[in-house]
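Below is one structure, written out as structure tokens; comments come after it.
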Amino acid sequence: MMPSRIALFISGRGSNMTAIAEHIRDGSLSAEIAFVAADREGAPGIETARTLGLPTVVCSYAELGRERAERALAAAVHEHLASWIVLAGFMRVLSASFVHEFAERIVNIHPSLLPAFPGSEAIRQAWDYGVKVTGVTVHLVDERVDHGPILAQAAVPIEENDTPARLEERIHCVEHDLYWRCLKDLLEGRFTKTGRRRMRREHP
Ligand code: GAR
């Protein structure tokens, strides 16, 4: 079977992108990175993508505005024949029309146990709220923020004498392990669908 082509969208340092790229390189995830896109010039992850030899696209929301930036992103997805869009720290809300164009083909990772703490600064929100357990969610993207059907979650307990920085570090470690495993299941067609529920089955 031909590996699926994925487009990775980032805004920041791109550590999730790098983790996915490493698992593709070592053969544990069968996929091809069609390109890496950023919403702004100077996203550190774009430099990393270049050093990894990956094709890159920058669609500056600041210069183009959301509508034109999204049109450029959609054109890149078609041009590079990507069948999945993988958001890896992409800090823009995609419009309903973009989401509909790629319905059930956009995946996101979020650093909390959704539906708790959607939006930005989720780790800080959970910390400030004083929860004892937080975590990571991988979900399909729908037209609402951090809301689509959940594919996978992993819990991260807050420890005695924890600090926000240490919690963040542990959450990132969990993200780097959870995302590629979940993508593997998704690309291999292992999820069944009943309403909002997505269940993983052993055999596709
Ligand atoms: C990750 O923690 C990801 O879950 C989060 O941004 C970070 C990006 O880190 N995404 C969101 O908060 C989306 N709502 P990275 O650039 O090092 O992969």
Gap separating the [atom1] atom of [X] from the [atom2] atom of [Y], nearest 0.5 angstrom:
{"X": "Ser15", "Y": "Ile10", "atom1": "OG", "atom2": "CD1", "value": "10.0 Å"}
{"X": "Asp142", "Y": "Asn108", "atom1": "CG", "atom2": "CG", "value": "10.5 Å"}
{"X": "Ser83", "Y": "Glu32", "atom1": "OG", "atom2": "CD", "value": "10.0 Å"}
{"X": "Leu52", "Y": "Ile33", "atom1": "CG", "atom2": "CD1", "value": "7.5 Å"}
{"X": "Thr18", "Y": "Arg13", "atom1": "OG1", "atom2": "CZ", "value": "8.5 Å"}
{"X": "Thr137", "Y": "Gln153", "atom1": "OG1", "atom2": "CD", "value": "3.5 Å"}

Less than 4.5 Å apart, any side-chain heavy atom of [X] and any of [Y]?
{"X": "Ile158", "Y": "Leu167", "answer": "yes"}
{"X": "Val107", "Y": "Ile85", "answer": "no"}
{"X": "Arg92", "Y": "Tyr61", "answer": "yes"}
{"X": "Val57", "Y": "Val36", "answer": "no"}
{"X": "Leu94", "Y": "Leu87", "answer": "yes"}
{"X": "Ile6", "Y": "Ile20", "answer": "yes"}
{"X": "Thr56", "Y": "Phe35", "answer": "no"}
{"X": "Glu175", "Y": "Leu178", "answer": "no"}

Minimal non-hydrogen separation, [X] against [Y], with atom names:
{"X": "Pro55", "Y": "Ala34", "value": "CG-O, 3.3 Å"}
{"X": "Arg198", "Y": "Gly195", "value": "NH1-O, 2.8 Å"}
{"X": "Ala126", "Y": "Thr134", "value": "CB-OG1, 3.8 Å"}
{"X": "Leu187", "Y": "Ser30", "value": "CD2-O, 3.9 Å"}
{"X": "Leu113", "Y": "Ala154", "value": "CD2-O, 3.5 Å"}

[X]: what forms a side chain to side chain contact (heavy atoms under 4.5 Å, CB included) with it, not counting sequence neighbours?
{"X": "Thr163", "value": "Ala165, Arg166"}
{"X": "Met2", "value": "none"}
{"X": "Ala19", "value": "His176"}

Partner residues of [X] under the side chain to side chain donor-acceptor pair (under 3.5 Å) criterion, sequence neighbours left out:
{"X": "Glu143", "answer": "His100"}
{"X": "Arg124", "answer": "Asp128"}
{"X": "Ser11", "answer": "Asp39"}
{"X": "Arg196", "answer": "none"}

Counting heavy atoms not belonging to [X], are there more than 12 under 6.0 Å from its [atom1]?
{"X": "Arg201", "atom1": "CZ", "value": "yes"}
{"X": "Arg200", "atom1": "CZ", "value": "yes"}
{"X": "Glu121", "atom1": "CD", "value": "no"}

With a 4.0 Å cut-off, would you call Asp185 and Arg181 a salt bridge?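 Salt bridge absent between Asp185 and Arg181.
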
Same apolar cluster: [X] and [Y], side chain cutoff 4.5 Å:
{"X": "Tyr179", "Y": "Ile150", "value": "no"}
{"X": "Leu183", "Y": "Val141", "value": "no"}
{"X": "Leu114", "Y": "Val174", "value": "no"}
{"X": "Ile106", "Y": "Leu8", "value": "no"}

With no hydrogens and no angle check, do the side chains of Glu70 and Ser95 hold a donor and an acceptor under 3.5 Å apart?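 Indeed, the side chains of Glu70 and Ser95 share at least one donor-acceptor pair under 3.5 Å.
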
Using the side-chain hydrogen bond (donor to acceptor under 3.5 Å, both in side chains) rule, take Glu169 and His172 through it: C-alpha gap first, then chi angles, then the decisive distance, then the call. CA-CA 5 Å; Glu169 203 175 302; His172 285 312; over 6 Å; no

Using modelled atom types and a 3.5 Å cut-off, is there a donor and acceptor pairing between side-chain atoms of [X] and backbone atoms of [Y]?
{"X": "Arg66", "Y": "Val93", "value": "yes"}
{"X": "Glu104", "Y": "Leu140", "value": "no"}
{"X": "Gln125", "Y": "Ser112", "value": "no"}
{"X": "Ser60", "Y": "Glu41", "value": "no"}
{"X": "Ser28", "Y": "Ile24", "value": "no"}

Going by ring-ring contact (aromatic ring centres under 6.0 Å, His included), name the residues that satisfy it together with [X], two or more places apart in sequence or in a different chain.
{"X": "Trp180", "answer": "His23"}
{"X": "Phe90", "answer": "Phe9"}
{"X": "Phe98", "answer": "Phe102"}

Candidate pair Ile171 and Glu168, rule side-chain contact (heavy atoms from CB on, under 4.5 Å), full reasoning: CA-CA 5 Å; Ile171 285 192; Glu168 186 169 341; 5.7 Å; no

Apply the test side-chain contact (heavy atoms from CB on, under 4.5 Å) to residues Leu81 and Arg5: give CA-CA distance (whole Å), side-chain angles for both, the deciding distance (0.1 Å), then the verdict. CA-CA 7 Å; Leu81 305 174; Arg5 288 174 65 75; 4.0 Å; yes

Please walk me through it: do Val156 and Val133 pass side-chain contact (heavy atoms from CB on, under 4.5 Å)? CA-CA 6 Å; Val156 177; Val133 179; over 6 Å; no

N/O donor to acceptor pairs below 3.5 angstrom from side-chain atoms of residues 71-80, sequence neighbours left out:
unit_1	atom_1	unit_2	atom_2	d
Arg71	NH2	Glu67	OE2	3.2
His78	NE2	Glu101	OE2	2.8

Name all pairs fulfilling the ring pair (Phe, Tyr, Trp, His ring centres under 6.0 Å) condition that reach into residues 122-166, sequence neighbours left out, sorted by first residue then second.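 Listed once each, the pairs are Phe117-Tyr129.
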
